Amino acid sequence: MSQPFRAERGGLVDRERSLRFRFDGAVYEGHPGDTLASALLANGVRVVGRSFKYHRRRGIVGAGAEEPNALVQLAVGARTEPNLRATQVELFDGLAASSQNRWPTLDFDVGAVNDVLSRFLPAGFYYKTFMWPATWWMRYEHFIRRAAGLGRAPRAADPDHYFKRFAHCDVLVVGAGPAGLTAALAAARSGARTVLVDDGAHPGGQLRREPHAVDDQPGHEWAARALEVLRGLPGTRVLTRATAFGWYDDDLVAVCERIADHLPEPGPHRPRQRVWWLRARRVVLATGALERPVVFPGNDLPGVMLASAAAGYAHEHAVQTGRSAVVFCNNDSGYAAARILHGAGVGVRAVVDARGGGGGTAARGDAQTAGAEIVTGAVVSAARGRGGVQSVTVQDHDGLHLSGSPRTLACDLLCVSGGWNPTVHLFSQAQGRLRFDAALAAFVPDAGRESVICCGAARGLWALDECLADGERAGREAAAALGYEPAAAPARTAPAPETAPTMALWEVPDGEVRRGKAFVDFQNDVTAADVRLAARENYSSVEHLKRYTTLGMGTDQGRTSNVNGLAIMAATLGRAIPEVGTTTFRPPYAPITFGAVAGMEVGRDYEPVRRTPMHDWHVAAGARMQNVGLWQRARYYPRSGESMADAVCREVRHVRETVGIVDVSTFGKIDIRGPDAAEFLERVTINRFHNLKPGRCRYHVMLREDGHVMDDGTTTRVRDDVFYMTTTTAAAGAVMSHLEYHAQAVWPELRVHLTSVSDQWGGLAIAGPRAREVLRAALDGADVGDEALPFMSSREVTIAGVRMRVFRITFSGELGYEVHMAADHALTVWEAVLDEGRGFGVEPYGTEAMAVMRIEKGHVVHAELDGRTIPADFGFDRMMRKDGDFVGRRALGREAFTDPRRRGFVGLVSRNGRPIPAGAHLVWNPTAPVPMHTYGHVTSTCYSPTLDAHIALALVEEPAKWKGRTLYAASPLKRRSTEVHITDPVFYDPEGRRARG
Amino acid sequence: MTEPVRRSALEGHLEPGRHGAPDGARVRLSQGRVEGVTQLQGIGDGAAAGQALAALGFTGEPAAGRAIGGADLRLLWNGPGQYLAVSSRRHEQQLSAALNEALAGTGACAVDVSHARTLLRLAGPASRDLLAKGCPLDLDVMASGDCAPTVVSHFNVLLHCDGEDAFELWVTRSFAQSFLEWLLHAGAEYGVQVTA
Amino acid sequence: MILIPCPHCGPRAQIEFTYGGDATVRRPDPGTASDTEWLDHVYLRDNPRGPHLEWWQHTGGCRAWIRVRRDTLTHQVLGAWPATGPVAGEATP
Amino acid sequence: MPPLGYIRAAMRYSVLSLARNALTGHRDWPQAWRSPEPRRHYQVVIVGGGGHGLATAYYLAKEHGIHDVAVLEKGWIGGGNTGRNTTIVRSNYLLDANAHFYEHSLRLWEGLSQDLNFNVMFSQRGVINLAHTDGQMESYSRRGNAMRLNGIDAVLLDRDQVRQRVPLLDCSPGARFPVVGGLLQPRGGTARHDAVAWGFARAADARGVDIIQNCEVTGIRVEDGAVTGVDTSRGHIGAGKVGIVVAGNSGRLAAMAGIRLPVESHVLQAMVTEPLKPCLDTVITSGAAHMYISQTDKGEVLLGGDLDFHNSYAQRGNLPRVEQVVQAAVTMFPFLSRLRLMRTWGGIMDMTMDGSPIIGRLPVKRLYLDGGWCYGGFKATPGSGWCNAWTIARDEPHPLNAPFTLDRFHRGWLIDERGAGASPKSH
Ligand SMILES: Cc1cc2nc3c(=O)[nH]c(=O)nc-3n(C[C@H](O)[C@H](O)[C@H](O)COP(=O)(O)OP(=O)(O)OC[C@H]3O[C@@H](n4cnc5c(N)ncnc54)[C@H](O)[C@@H]3O)c2cc1C
Ligand SMILES: NC(=O)c1ccc[n+]([C@@H]2O[C@H](COP(=O)([O-])OP(=O)(O)OC[C@H]3O[C@@H](n4cnc5c(N)ncnc54)[C@H](O)[C@@H]3O)[C@@H](O)[C@H]2O)c1
Ligand SMILES: Cc1cc2nc3c(=O)[nH]c(=O)nc-3n(C[C@H](O)[C@H](O)[C@H](O)COP(=O)(O)O)c2cc1C
Ligand SMILES: [Zn+2]
């Protein structure tokens, strides 16, 4: 297959091998070393997409990250990916891409009607219309949404893998152009741990786009060699295809390395991309500069390109981006482009230079070499053509207006250079200030962090010899600042042409008075007229300009448009450019896949799972597992044919009537010891602890300093100066931190040590009338009688070397014990209890049955302790210590906390045998019109198999008043309301006989 | 009944063999087993620490971030005045009881945490690369004898470098299985040889 | 990502820490403080834009609560100290 | 002389005016708002040109006939949190005070484009809070029922109903956060945030309000316990009354009057993908995964999550939060993995000690605060402006904002939707 626009010689592509690829269904060929863009151009494909708003045909403008137009959708199926810049997609065999934002085809696109209607669709038109009729916005919006957007999201999950990785270095160099390479060499040679990253597949930056020699070697070879040297230096790391996309605090630079995007698939166990979290002590930014277009009517026609891009395609890819070119520039680099184009066989008709004096001597020589006419003091005032540029109009100008008579030049390629913008994105992200340099007509880095050093074109140096030397300086400076002794600087030879200064030219004069759109932002279809409209309507702050017109808000983030846009705004307002200023540079420098940012902690690995020692047992026993925070807990153990409700009722009955065991390993457990442990506990709970005897347990309540209940649990005095606290599962971490804070920061004088032993101990609870028998059997006959182990007491037993703590406490209200045993033995003990207890009928039960039984007993959990409740709401004030200080005490006296209308804790019983809906509120008359007053709300609800009734716990205002009366538990969401009787919250065994029995 | 065998959090989950990339295992992973692990608290610093440690038979003060000792007793620093005391000989409570006894009167204390953490051993040329996928520390400068309480991905880990490219990873028991899965996933690129 | 120089562990990444708020607010003496003083301590903050002395707990490390002076505008850390003892530039509590 | 009762003849926006202007090349559009020089005195000075400040000025003029008003903005209007939020509008609150206030605001939203003659693109595409456990389902039921009993729309969805509405959400039972169901507020949705600032500005300006940009308030003058004016980067401006409406800077402004607030300023980040054809119709939030997500009219997928969790005035956050939000998003919406993040940014949230705002008088006479909006003040914009205007005009709160006083903290009448207590970052 022929590639009609591939030059016969030259280029850095591998002509020996051919790669086949598809674009919009058609098959083409390219070579290794091509990007999708260069391969398309080699095949003469000039229209590659449609623009965002007007759906205009667009071609390739740039050659790298700056590309605004050539966005394609890559591949199909699960690996499809929208909005990729064809200029950065490396070609591989079998690559398939399609154009975007067109329907049905790129050539015939219905959306192009917008272009016809465009005069009715200026910037921000949608703010002024679509308001009538008022209810129709959603309909208009439906069509607006369909018209907007670019590519299509994949529908399937991503088959590829991504990882992140932390790394540390002394000197990070971003950019492997001439400046970056010399900087990295200087830093690495002085002994600094150096990392060099570059966006491209190959080092060299601009050296790959221009036939310059460094040290008498072709630039790209010099760069490749420099990279080899770097790779060989100890402690040095080089990452290519790696974009530094964000600067973060304390010089953490995030770099996305595309490991496998140049391949059809990553291959087994190979990540596709990796994000490096690089912590650097010094950051050298050698990010180069990006060429800027000029705004004039017709400047968005396919075939109008950046001069450096056209030259780059010619030199690097041996691609002719046209047959007959005109170069339009305001600086010398356009002349060099002319020479390079000529070298690749492109005819260059003219170099149109806006500067009255034209280019420097070297530049003029370039134009002569290219055989191009030099037209100075002139501009391209318009480009014309159907489907692509066919001719340009050239006219003189006097800075303010066009002058003289226009001249038409036929051409199929217009190369534009409006000057260069240093790539200051990362510098700005690093809080560096910019300065407008009028001589360069560009924003350049000004004051910044000490640790961030710019060099080369990123700092506004355009000459190669200067860039090389500046990189060297930056690398040495970075290393020296860290105490490394820089090695002697090598002498380098490179061209040092004399150049004429750039002239500020953002927009060709008189653009406003002529027909034809002059684009500022190609991707978002923002024209110069839009910028002026924004000014007229007083959206004249650069930030308003951006948001009103969407200038610079596309996937290229205004790389080619922002400066022109703000300059046109400045001109319109008659202000200086620095007064208008830039918008904020934000990460990412270039769009980064979610997959890469997310790394491996996605899907099931988004958060880890915590497992109790009995986890596998529960799963094997067929338990339904449930997420509780990070934990998984056994919810219930269904038998065949049983519904959840059946299983839970059975488990509850079994505990109430016989005996059951439940895994309570998830409770937080804290070892609190030291001479002042009791004192400490008194300060962090509402309870008294000085008088607690060793071997006894106490229910404790902990408050936040604002008086609200934080958590509850039991605390056991193991020895005089050793306490063992349990917390709820959910609050374990928060409680530990809270206690550590008070021990370390508030009362450091207390001699107390806190150790989390949550994972040291597995826990199980045995409950039911036969609990003691089961326990005794399981504990080899240890004495667990009422005398040895009375209610709310604890003892330590060691059986066969297994250390256990047995607590006579209960959550279910039955005779109950908790056994905490060293975790690696927990499963053994659990199995032993089941084994030894089989004769007594022991069976496992889950958290759901536990929840039902605690509701029957009126015990509170986080549903009641919702962070808005205080001790008095539950009658906990009765156990509150009367004297002394504790966390939260002082906040309790507040007006609202003693107000009689506060909601207090009650029980509810359904009056009609119907369930009390979860999440219901208590109302007087559920059919009354809304909004209506609610008297309280249901916190926990269940069917109680024990009472054969639907019961619930609730918080209700003026509880004393309501007890004994009825209200409705209303759930309008479920269209249900249940009449409920308001009772005491303890439904079952209120005297607590069973637990003590 | 004699003391039952300990059933670690990884029982049934640590599958010996090759995981991930089939060509060469650049990481080796195994479970470590010790007899007793105790958390020491309140060792203090300066002279007080010297005294307390002398009571345990150590001379001088181990610097923050270092591990000292041998098979009978080694101390891994894990916070101000805090060490994880590990013994391959002395059993659980015997260890903590002995340490408590030795520390009596110093204001320091020892809490048995023999079951609270699972020990994994990671070695091989890519072990730092693997850890760097989740650990924000500068692993390049971590040398044998260094130890640091840190994070690896979502996991709190006491990281102890105990040889050229060899690490002990002490992870909270209930997270051990998830951590193992994380290690295997993160290591697949390098190939992981798991030994029991 | 902020680098916090834990006085016990050395410089560590922000992800190892949990934030604990203003460290200049001290729990008043419960015996002598008025209700207003007490509630001011619970609720009111200087919330400066600039240097801020604040609590962080090294939850992913040594678990110590530490005090860090950090500029809330630039995120730059200006110093870090243990939970107790003097802090440079601050009257001893 | 203050131009009392002055209404500027503004060009009405309509299809017709758009067509007419198209014929003249859009050369005749007037300024959306003027940029006058500040006068030396105003009856009311509003500090802060965000949505709330501008809305306050608008309603002062429209509802209370007070036109002698200046809005002082240190940068560009709408450049604070109004310009950097995830634009979710809803009134799905559990607690009565919140429900009533936000519902009032939602009703104002429903007629806002017409009221302002500026299309704020209020798009009622529904807001779904996902439940991942039965426990969460129960607490969403509690909230939804409270809403319904307060006369607010709410629908409980089961898993299949969620799946139907959000086909690209991973609803598989094996997911890390299996979807159990969700609470939908059909009238919730999103709006075009910048347009809200501009629309209020234009409408306020038309009623005589002076909008003064690049005017930073540097001091508040108080004499005999009453406010007399403000010092600004453009000189002193006298004022009969001063309203502080500066979101993340509330604490700084209050400090200028010697007042400490129960507020901490924190950074919250948001981010967008590259623009895509429609793939997400509804706003989805997940408390368990700590993220919320929607797709804008322009096609970007817009995401937000938790705070960075430390005091900050930096308007930028750090990578760990971005990573976590993206992880959560990919976990819930696996299709996002191959999409790309285009831009991330941050805003400064005025986080209060109970997670609810403060709209009311301050302990200095004729000085008012409207702040403490935490994550959720965008949806409050019209309601907040409306209540704030009432409070300033009459020197007493409207019943809708009467619960949101500053003294509620000391009196204990907290409005703590999350129950997180005096820990601003936890709300
Ligand atoms: C990332 C993010 C996501 C959010 N998501 C949502 C959401 O989905 N839904 C929702 O309802 N809310 C959301 N919010 C909250 C919401 O954005 C804010 O609560 C709301 O916009 C506040 O509006 P405002 O007018 O009070 O403040 P702002 O818009 O911040 O305006 C305050 C103005 O005061 C100015 N100012 C400050 N100091 C001075 C001074 N000294 N002198 C003069 N002017 C001054 C500022 O420059 C600023 O323009 C989010 C916020 C953020 C940051
Ligand atoms: N003739 C002119 O007017 C003119 C103008 C500008 C530049 N130049 C030439 O360009 C060269 C400048 O050298 P240089 O080294 O300063 O720049 P460069 O453009 O040669 O190299 C910069 C490199 O940085 C990479 N890069 C940029 N941002 C990055 C990021 N965020 N992450 C990773 N990589 C990133 C780029 O891909 C590129 O490879 C010289 O050869 C100079 O002569 C000439
Ligand atoms: C709802 C919403 C949508 C946005 N969409 C885009 C977008 O499409 N492109 C873009 O570049 N920025 C977008 N932004 C971000 C803005 O560019 C900008 O970052 C944000 O307003 C904060 O301002 P700052 O970055 O100038 O500080 C969006 C912001 C918001 C709030
Ligand atoms: Zn530490």
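Letters A, B, ... are given to chains in the order of the sequence lines, protein chains preceding strands, and every chain is numbered from 1. Being a predicted model, the structure only gives us computed values, none of them experimental.
Neither the backbone nor the side chain of D/Glu300 comes within contact range of chain A; no heavy atoms are under 4.5 Å apart. Of the two parts of D/Leu303, only the side chain, counted from C-beta on, holds a non-hydrogen atom closer than 4.5 Å to a non-hydrogen atom of chain A. In this structure, no portion of A/Gln273 lies under 4.5 Å from any heavy atom of chain D. Looking at D/Ser139, neither its backbone nor its side chain comes within 4.5 Å of chain A, counting heavy atoms on both sides. When heavy atoms are compared at a cutoff of 4.5 Å, D/Leu94 approaches chain A solely by way of its side chain, counted from C-beta outward. For chain A, the nearby part of D/His410 is the backbone; its heavy atoms alone come within less than 4.5 Å. For D/Leu319, the parts lying under 4.5 angstrom from a heavy atom of chain A are both the backbone and the side chain. Contact of A/Leu533 with chain D is made through the side chain alone, with heavy-atom distances under 4.5 Å. Using a 4.5 Å cut-off between heavy atoms, D/Arg418 contacts chain A through its backbone alone, with no side-chain atom that close. Heavy atoms closer than 4.5 Å to chain A are found nowhere in D/Ile415, neither backbone nor side chain.
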- Task: Kindly determine whether A/His708 and D/Leu414 satisfy side-chain contact (heavy atoms from CB on, under 4.5 Å), including the steps that lead there.
- Result: CA-CA 11 Å; A/His708 293 96; D/Leu414 304 155; 3.4 Å; yes
- Start with the C-alpha distance between A/Phe897 and D/Trp413, add both sets of side-chain angles, then the distance that settles ring pair (Phe, Tyr, Trp, His ring centres under 6.0 Å), and finish with yes or no. CA-CA 8 Å; A/Phe897 287 23; D/Trp413 295 109; 8.8 Å; no
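Checking side-chain atoms of D/Asn119 against main-chain N and O of A/Met131 turns up no donor-acceptor pair under 3.5 Å. Here the side chain of D/Arg338 pairs a donor or acceptor atom with the backbone of A/Arg79 at under 3.5 angstrom. Of the possible donor and acceptor atoms, one in the side chain of D/Arg142 sits under 3.5 Å from a partner among the backbone N and O of A/Val938. At least one donor-acceptor pair closer than 3.5 Å links the side chain of A/His544 to the backbone N or O of D/Ile77. Side-chain atoms of A/Arg145 do not come within 3.5 Å of backbone N or O of D/Asp281 as any donor-acceptor pair. In this structure a side-chain-to-backbone donor-acceptor pair under 3.5 Å is missing from A/His937 to D/Arg143.
D/Phe118 and A/Tyr127 have parallel rings, their planes meeting at less than 30° on a 0 to 90° scale where 60° marks the start of perpendicular.
In this structure D/Glu323 satisfies the salt bridge (charged side-chain N to carboxylate O under 4.0 Å, His left out) test together with A/Lys164, sequence neighbours excluded.
In this structure, NZ in D/Lys298 is found 8.0 Å from OH in A/Tyr126, a value given to the nearest 0.5 Å.
Note on A/Gly124, A/Gly554, A/Ala863, A/Ser540: by heavy-atom pairs under 4.5 Å with chain D, the leading option is A/Gly554. Heavy-atom pairs under 4.5 Å with chain D were tallied for A/Val930, A/Asp158, A/Thr129, A/Asn101; the largest tally goes to A/Asp158.
A cation-pi contact, defined as under 6.0 Å to the ring centre and within 45° of the axis, links A/Lys128 to D/Trp29.
For residues 113-122 of chain D, the pairs satisfying salt bridge (Lys or Arg N to Asp or Glu O under 4.0 Å) are D/Lys62-D/Asp115, with sequence neighbours left out.
Between D/Asp416 and A/Arg868 there is no salt bridge, since none of the side-chain N atoms of the basic residue sits less than 4.0 Å from a carboxylate O of the acidic one. The pair D/Asp134-A/Arg635 meets the salt-bridge criterion, with a side-chain N (NZ, NE, NH1 or NH2) lying under 4.0 Å from an Asp/Glu carboxylate O.
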